[in-house]
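As the structure lists them, so they are numbered: ligands from 1, and atoms in each ligand from 1. Residue numbers count from 1 along this sequence. What you see is a predicted model, and the numbers here were worked out from it, not measured in a lab.
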Amino acid sequence: MLLDTTARTTEEMGALGARLAAVLRAGDLVVLTGPLGAGKTTMTRGLGAALGARGQVSSPTFVLARTHPTTAGPDLVHVDAYRLSDPVELDDLDLDWDASIVVVEWGRGFVDGISDSILDVEIVRATGAGEAPAPDDLDPDDVPDEPRRVVVTATGPRWDGVAL
Ligand SMILES: Nc1ncnc2c1ncn2[C@@H]1O[C@H](COP(=O)(O)OP(=O)(O)OP(=O)(O)O)[C@@H](O)[C@H]1O
Ligand SMILES: [Mg+2]
């Protein structure tokens with residue numbers, strides 16, 4: 001395991017994304033796991049900002065993948081696998097995996113075989129009272145801060161000896 005920490009606020013989750021960005025390079029694959037509203041996009045936004053990603057990093061509702069050129073060099077490809085039913089559909093996107101930093105929300109089980117090295121990020125919402133569903137009329141951009149546990153695990157040779 002590379003990291004087991006808590007992001008107490010939206011800002012802290014973004015900062016964690018930036019921390020990941022500092023070690024990322026072309027060819028890297030990051031998989032984000034966690035329930036709806038866990039903070040996957042929030043983390044990707046911080047990651048993108050740190051890479052100097054052009055364009056808005058948001059939940060890609062109608063597109064499966066969005067490519068952001070970055071000032072850091074490699075494109076940031078942000079994939080939302082939520083609606084994918086089959087891992088081969090990821091293949092169909094024809095992404096330039098080797099030249100890009102690819103971040104896949106809901107990617108677990110969809111990226112097997114794509115790369116021998118994966119940075120797996122699990123975001124766990126706090127249990128207890130905070131787990132109650134938010135009211136329907138709550139502005140999605142106005143969700144109160146609530147701590148998230150973030151566990152980063154690396155698999156594959158790419159991550160040998162890499163520290164966050
Ligand atoms: N500690 C925290 N870390 C991250 N986000 C937080 C935290 N506390 C509150 N939030 C809020 O929770 C929401 C997380 O939404 P976000 O879109 O990032 O989740 P997601 O995991 O991408 O959801 P989805 O599965 O729908 O794509 C944001 O509104 C964010 O402001
Ligand atoms: Mg999202």
Quick check: [X] and ligand 1, any N/O pair under 3.5 Å apart?
X	result
A38	yes
D80	no
A7	yes
P147	no
G34	no

Give the single entry among T41, T9, V150 that approaches atom 17 (O) of ligand 1 most closely by any heavy atom.
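Looking at heavy atoms only, T41 sits closest to atom 17 (O) of ligand 1.
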For [X], the ligand 1 atoms whose distance to one of its heavy atoms is below 4.0 Å:
X	result
M13	3 (N), 4 (C)
R8	1 (N)
D145	8 (N), 9 (C)
E146	1 (N), 2 (C), 7 (C), 8 (N), 9 (C)

Using a 4.0 Å heavy-atom threshold (strictly under), name the region of T44 that reaches ligand 1: side chain, backbone, both or neither.
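T44 to ligand 1: no contact under 4.0 Å from either part.
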Heavy atoms only, cut-off 4.0 Å: how does W106 contact ligand 1, side chain, backbone, both, or neither?
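The part of W106 near ligand 1 is the side chain, not the backbone.
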Does R149 come within less than 4.0 Å of D4, counting only side-chain N to carboxylate O?
yes
Of all the N, O or S atoms in E105, the one nearest to the Mg ion (ligand 2) is OE1
Using a cut-off of 6.0 Å, state whether more than 12 heavy atoms not belonging to R158 lie near its atom CZ.
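Yes, because the 6.0 Å sphere around CZ of R158 holds more than 12 heavy atoms from other groups.
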Determine the sole option in V124, T42, I123 for which the side-chain contact (heavy atoms from CB on, under 4.5 Å) test with R148 is passed.
I123
With side-chain contact (heavy atoms from CB on, under 4.5 Å) as the test, pick out the partner of L119 among L32, D28, V31, V152.
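Looking at L32, D28, V31, V152, the match for L119 under the side-chain contact (heavy atoms from CB on, under 4.5 Å) is V152.
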Strictly by salt bridge (charged side-chain N to carboxylate O under 4.0 Å, His left out), give each pair with a member in residues 110-123 just once, sequence neighbours left out.
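Every salt bridge (charged side-chain N to carboxylate O under 4.0 Å, His left out) pair that includes a residue of residues 110-123, provided the two are not neighbours, is R108-D120, R108-E122.
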For a distance under 2.8 Å, tell me if T41 has an N/O/S atom near the Mg ion (ligand 2).
yes
Any heavy atom of G14 sitting closer than 4.0 Å to ligand 1?
no
